[in-house]
Each structure stands twice: as structure tokens, then as C-alpha cells.
Amino acid sequence: MTVRTRTIAWSSALTGALAAVVVVSAGIGPVSIPPATVAKVLLSADPLPFVFDAARTERVIVLDVRLPRIALAAFVGFALATAGVVMQGFFRNPMADPSIIGVSSGAAVGAVATIVLPVAFPFGLELQGAAFASAVLTAFGVYLIATQGGRTPTATLLLAGVAVQTFLGAVISLLLLYSGQSIRRVVYWLMGHLGGTTWAEVRVIALVLPPLFVLLLLYARDLNVLLLGEEDAHTLGIDVERTKRLLLAASSVVTAAAVAVTGVIGFVGLIVPHAMRLVVGPDHRILLPTSALAGASFLVATDTLARSGSAEIPVGIVTAALGAPFFLYLLRSHEVTRL
């Protein structure tokens with residue numbers, strides 16, 4: 001079976017699984033709605049041409065209350081899993097995740113500063129805008145620190161990222177000391193959440209994510225070659241430094257966009273690529289789209305679990321609670337010792 005055929009087959013299956021998860025999730029809540037009714041409502045939504053009978057209340061609950069949150073969860077899971085695949089291939093390190101160069105910590109500093117400090121940020125930046133800008137600036141700063149003589153060694157980039165994350169963690173701790181009455185809001189954001197989602201937030205990430213994903217998909221073959229080592233990749237005709245810059249920039253922006261709208265949600269970009277690598281293999285031409293779709297389903301499912309109890313909890317807690325044991329299982333099975 002060719003790579004193209006395998007990619008289409010796996011992507012089609014995972015798209016179907018995502019659709020099923022969305023339908024089930026949209027029916028779960030204080031008002032339970034049968035999956036068949038949810039499907040009718042979704043198929044009747046603009047701009048689809050289908051028309052099915054459904055009560056107005058059910059339409060409002062599904063399309064206006066639950067669907068924005070589900071759509072955002074899908075986009076964010078898609079983004080984090082995509083960035084996780086790229087970062088693990090980029091660093092040739094199975095422990096790499098989307099926040100490895102400090103993007104999440106940078107976003108957290110911007111968000112926490114916006115909440116805590118009694119100052120007006122320039123350009124009318126709200127919390128999400130400040131988080132996104134701070135995340136991108138952090139990634140750019142780490143890249144500049146690690147670059148010498150036009151080259152960016154991955155080991156240096158990794159160590160620079162760890163150092164910057166540690167420093168930004170100290171900044172966040174300092175801001176928490178002065179957070180006062182806003183500490184609850186700060187902690188809730190840091191835990192990762194999808195509550196209060198609107199279609200405006202969905203539209204923002206929907207504009208950013210697709211073109212960057214297509215760009216990364218075009219470089220999937222180059223990412224395969226980079227796994228052989230930079231010298232071998234150069235011998236095979238890859239412009240190594242240019243490719244590294246592009247992969248780093250695109251994956252950092254993808255991560256920044258996701259973290260800015262939801263806060264810090266861990267483990268999605270770490271465990272989903274591992275799980276899919278065990279199923280579809282290490283070829284990034286297949287691994288990248290399948291991991292992205294699996295990440296979308298995973299976060300929709302975990303957020304449904306987070307909001308289905310008697311009291312809603314931040315989805316970041318659920319992903320960590322489920323992800324950590326699974327990752328420990330992978331460690332014990334020795335499947336993560338190589339890419």
C-alpha cells in the first residue's frame with residue numbers, strides 16, 4: 001500500500017471518529033440530546049443544504065452553546081498534536097512537546113501579566129492577544145539565543161528553551177505573589193480551560209491553523225530526512241537551517257495560537273504523537289495528519305469528560321490525569337526510546 005493510500009485511509013477513518021465524538025459530545029450536558037437529534041441539527045446548520053426537523057431549543061443548545069466549545073477543543077487538540085509531531089521530529093527526541101522552547105511559558109507570562117498588572121497594554125491587546133504575542137516573542141528570543149554564526153544547533157536550542165522556561169516560571173511565580181483577588185482567574189487560566197468559548201475565538205484559530213498545517217505537511221518529507229541527522233540531510237539536498245527555521249516558526253505559531261485561547265493544556269502534544277506513531281509508523285507524511293485528527297478527537301473527548309460531572313473542571317487537569325499514566329506505560333514498554 002502506498003503512502004498516499006495509507007494516509008487517505010487513516011485520515012478518513014480518524015475523520016469519521018472525530019465526527020462521531022463531536023456528535024456524542026454535543027449531546028452531553030445538563031440537557032441530554034440523543035445523537036440522532038444532534039446529527040440532524042448539525043446537518044441542518046448553515047451552509048449545509050439539508051433540512052431536518054428539530055426543536056428550536058435543541059438547535060440553540062447544540063449550535064450556540066455546545067458547538068463553539070467543541071469546535072475550539074477540536075482545533076486546539078489538532079494544533080497541539082501537530083506541533084508535538086513536529087517538535088519530536090525536529091529535536092529527534094521522544095520527550096519533546098509543543099512547549100519545549102518556552103512557547104507555553106511565554107504565553108502564560110503575557111496572560112498572567114494582563115490579568116494581574118494594572119496597566120493598559122499597547123495596541124489594545126486583550127488577554128489572548130497578549131498571550132499570543134508573548135508566546136511568539138519567547139520562541140523568537142530562544143531562537144536568537146541559540147543561533148550562532150547562522151547555525152542553530154538543536155541541542156543548544158533545547159537547552160536555551162529549558163533555561164528560558166525556568167526564568168519565565170520565576171516571573172509567573174512573582175506575578176502570582178501580587179495577584180491578590182485575581183489569583184483564582186490566573187490559576188484557572190494556567191490549568192487550561194475551554195469554558196465560555198465563543199465563535200469569535202473559534203474563527204481566530206480557524207484562520208491561523210489551516211495554512212500553517214498545510215505548510216508543515218509540505219515539509220513532512222524534509223522532516224523525515226532530518227531524522228537521519230543534519231549532515232545526511234544536507235547531503236541529500238535539504239537546506240537544513242532554512243528548513244529548521246520554517247518548522248520552528250510554524251510550529252511555534254501553531255502552539256501560541258492554541259495556548260492563547262485556552263491556557264496551558266499539557267500532554268496532548270506529547271502522548272498523541274506517540275500513540276499514533278505506534279499505529280501508523282514514523283513516516284511524517286502519514287503521522288502528521290493522523291496525529292492532528294487524533295489530537296482533535298482526544299481533546300474533544302477529554303473536555304466532554306471535564307464538563308460532564310457535577311462541577312466542571314479545567315480540561316488541563318483531565319489531560320494530565322489521563323496522559324501521565326499512559327505515558328508511563330509507554331516508557332515501561334520501551335516504545336518511546338526511539339522515534
Side-chain angles (χ1 to χ4, degrees), residues 13-81 126-128 184-185 187-207 209 258-268 272 292-323:
L14 289 167
T15 299
L18 175 60
V21 171
V22 167
V23 169
V24 172
S25 177
I28 295 176
V31 177
S32 181
I33 302 176
T37 303
V38 172
K40 290 179 180 179
V41 171
L42 294 177
L43 290 173
S44 299
D46 294 333
L48 296 176
F50 306 103
V51 178
F52 294 98
D53 291 330
R56 177 176 173 78
T57 301
E58 294 171 337
R59 290 182 181 277
V60 171
I61 291 173
V62 172
L63 298 179
D64 298 334
V65 178
R66 295 177 185 169
L67 194 58
R69 179 168 180 160
I70 292 170
L72 186 63
F75 276 118
V76 170
F78 191 103
L80 293 176
E126 299 293 337
L127 186 149
Q128 294 169 352
R184 181 179 179 86
R185 184 183 176 197
V187 172
Y188 187 71
W189 191 91
L190 292 174
M191 288 180 179
H193 66 92
L194 287 157
T197 298
T198 65
W199 280 115
E201 294 166 330
V202 177
R203 282 192 290 269
V204 170
I205 194 169
L207 289 174
L209 182 56
V259 176
V261 295
T262 62
V264 181
I265 299 177
F267 277 98
V268 178
V272 172
L293 290 167
S297 295
F298 176 75
L299 195 57
V300 171
T302 51
D303 183 57
T304 303
L305 183 61
R307 63 177 172 82
S308 61
S310 56
E312 181 179 321
I313 60 176
V315 68
I317 295 176
V318 179
T319 59
L322 295 176

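Reckoned from all heavy atoms, side chains included, excluding hydrogens, waters and symmetry mates.
- Taking both residues in full, the closest heavy atoms of A81 and G295 are given as CB-CA, 3.9 Å, listed atom of the first, atom of the second, then distance.
- Residue F75 is tested with L209, L299, V261, L80 for a side chain to side chain contact (heavy atoms under 4.5 Å, CB included); the sole match is L209.
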Anything under 3.5 Å between a donor and an acceptor, one on a side chain of residues 13-36, the other on a protein residue two or more places apart or in another chain? List them.
| from | atom 1 | to | atom 2 | distance (Å) |
| --- | --- | --- | --- | --- |
| T15 | OG1 | S11 | O | 2.7 |
| S25 | OG | T304 | OG1 | 2.6 |
| S25 | OG | R307 | NH2 | 2.9 |

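- For the side chain to side chain donor-acceptor pair (under 3.5 Å) condition, the pairs that include at least one residue of residues 196-205, sequence neighbours left out, are Q128-E201.
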Could you walk me through whether W189 and L127 satisfy the side chain to side chain contact (heavy atoms under 4.5 Å, CB included) test, starting with their C-alpha distance in whole Å, then the side-chain angles of each, then the deciding distance to 0.1 Å, before giving a yes or no? CA-CA 10 Å; W189 191 91; L127 186 149; 3.3 Å; yes
Might you work through the side chain to side chain contact (heavy atoms under 4.5 Å, CB included) test for L42 and L67, ending with a clear yes or no? CA-CA 9 Å; L42 294 177; L67 194 58; 3.8 Å; yes
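- With rounding to the nearest 0.5 Å, the separation of CG in L305 from CD in E312 is 11.5 Å.
- Closest non-hydrogen pair, A306 versus V318, comes out as CB-CG2, 3.7 Å.
- Taking both residues in full, the closest heavy atoms of A79 and A258 are given as CB-CB, 4.0 Å, listed atom of the first, atom of the second, then distance.
- With rounding to the nearest 0.5 Å, the separation of OH in Y188 from CD1 in I313 is 10.0 Å.
- Among residues at least two apart or in separate chains, there is no side chain to side chain donor-acceptor pair (under 3.5 Å) pair with a member in residues 313-322.
- From T262, atom OG1 reaches atom CG of D303 across 10.0 Å, with rounding to the nearest 0.5 Å.
- To the nearest 0.5 Å, atom CD of residue E58 and atom CG of residue L63 are 11.0 Å apart.
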